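Okay, so here's the structure we're looking at.
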Amino acid sequence: MRSFQELTVESNNWIEDSLTKVFDEELKDDITVKASYYSLLAGGKRIRPCLMYYSAKMLGVDVQKVLPFAVSLEMIHTYSLIHDDLPSMDNDDLRRGNPTCHKVYGEGIALLAGDNLLNRSFELIFQEVVKDNSLALAGATMARLSGIHGMIGGQSIDLSSEGTDIPVETLYELQRKKTGALLEAAITMPCYVGGKTGEELELLKKLSEHVGLAFQIMDDILDVESNSEELGKSTGKDERDNKSTFVSIFGLDGAHSKLNAEVEGCNKVLGRLVELGYNTEELTTIVKFLSERTF
Ligand code: GRG
């Protein structure tokens with residue numbers, strides 16, 4: 001069985017080259033394009049493309065057809081990080097081991113770089129839909145999961161509840177949207193692209209919900225237990241900003257048991273996919289990594 005690191009070598013080979021050419025060559029000297037590439041090509045775990053690649057492989061969906069959606073998703077994810085780091089939001093200096101976009105390019109250009117990544121990501125999707133109309137649902141789903149019903153909706157609840165003790169149900173809703181929605185896009189997009197909208201889609205939605213919560217619970221744990229050298233971003237922020245998190249509400253031990261519950265949920269869904277005849281080896285390895293990650 002291959003390790004998570006070995007799996008990402010393959011998925012990074014699949015996506016990385018495309019990420020370096022998302023903007024037209026003649027725009028390479030534009031300051032907003034430079035700032036966009038600065039953040040997009042700074043690395044990061046690339047967990048969303050990895051999940052999308054191995055979900056497609058499991059379903060037997062052509063990874064070349066899925067690729068523009070993975071590129072688009074990583075662009076949307078990067079825009080959200082640039083905007084989240086701005087002084088008017090989380091006010092952060094460090095991201096992916098480097099100074100944040102606005103520290104290097106200034107706030108105005110960082111704002112534009114985020115906008116630019118978002119707009120271009122949907123332009124890339126529309127270009128695919130123009131070629132093949134059957135991809136329209138995939139594009140619409142990507143927009144919905146990134147927007148007010150998904151990530152932006154989660155961020156909206158998050159910002160409006162800073163400094164207050166939120167009920168557990170609100171914490172779950174916030175995190176399902178803020179973190180979970182883009183992970184759902186990663187895991188389910190191959191279903192929409194490949195026209196597999198039956199039981200597989202329902203199972204992969206369920207899997208994403210557990211993966212999203214496990215990912216966020218681990219993020220909250222690492223914010224307390226890890227350090228900025230290891231994570232490439234600042235730590236201790238949740239307490240600084242008086243945020244309700246899985247750790248602040250359940251304590252560290254409680255957060256670890258919530259994490260285990262989500263991992264069990266993932267494994268149950270993966271078990272059902274095995275019963276349906278799918279090979280879940282790679283997705284199982286990724287889930288294991290997410291539940292043990294140190295960065
Ligand atoms: C600004 C619309 C808008 C949304 C911001 C991304 C985000 C929403 C907030 C950042 C803070 C946070 C804890 C988000 C939860 C999602 C998350 C853990 C993002 C970091 O994702 P990783 O760890 O990052 O995959 P890398 O750098 O590895 O790609």
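A quick note: this is a predicted structure, and the numbers were derived from the prediction, not measured. When a ligand or atom number is given, it counts from 1 through the structure's own listing order.
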Can you sort out which atoms of ligand 1 are near [X], meaning under 4.0 Å from one of its heavy atoms?
X	answer
Y79	2 (C)
H83	1 (C)
G44	26 (P), 27 (O), 28 (O)
R96	26 (P), 27 (O), 29 (O)
T179	15 (C), 16 (C)
I152	2 (C)
Q216	15 (C)

Can a cation-pi geometry be assigned to K258 and F250, taking NZ or CZ under 6.0 Å from the six-membered ring centre and within 45° of the ring axis?
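Yes, a cation-pi geometry holds between K258 and F250.
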I'd like to know if Q175 contacts ligand 1, where contact means a heavy-atom distance under 4.0 Å to any ligand atom.
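No; Q175 lies far enough from ligand 1 that no heavy-atom distance drops under 4.0 Å.
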May I ask whether F215 places a heavy atom under 4.0 Å from ligand 1?
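Judged by the 4.0 Å heavy-atom criterion, F215 does count as contacting ligand 1.
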Below 4.0 angstrom, N of the basic side chain to O of the carboxylate: do [X] and [Y] qualify?
X	Y	answer
R46	E74	yes
D90	K243	yes
K233	D223	no

Step by step, work out the salt bridge (Lys or Arg N to Asp or Glu O under 4.0 Å) result for K205 and E209.
CA-CA 6 Å; K205 278 187 188 170; E209 191 177 340; over 6 Å; no
Note the single closest protein heavy atom to atom 3 (C) of ligand 1, along with its residue, its atom name and the distance in Å.
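Protein heavy atom at minimum distance: Q155 CG, 3.9 Å.
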Specify the protein heavy atom at minimum distance from atom 10 (C) of ligand 1: its residue, its atom name, and the distance to 0.1 Å.
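So the nearest neighbour among protein heavy atoms is D84 OD2, 3.0 Å.
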Would you call E282 and M58 a side-chain contact if the rule is heavy atoms closer than 4.5 Å?
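No; the side chains remain at least 4.5 Å from each other.
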Under 6.0 Å between ring centres: does that hold for F289 and F215?
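No; F215 has its ring centre 6.0 Å or more from that of F289.
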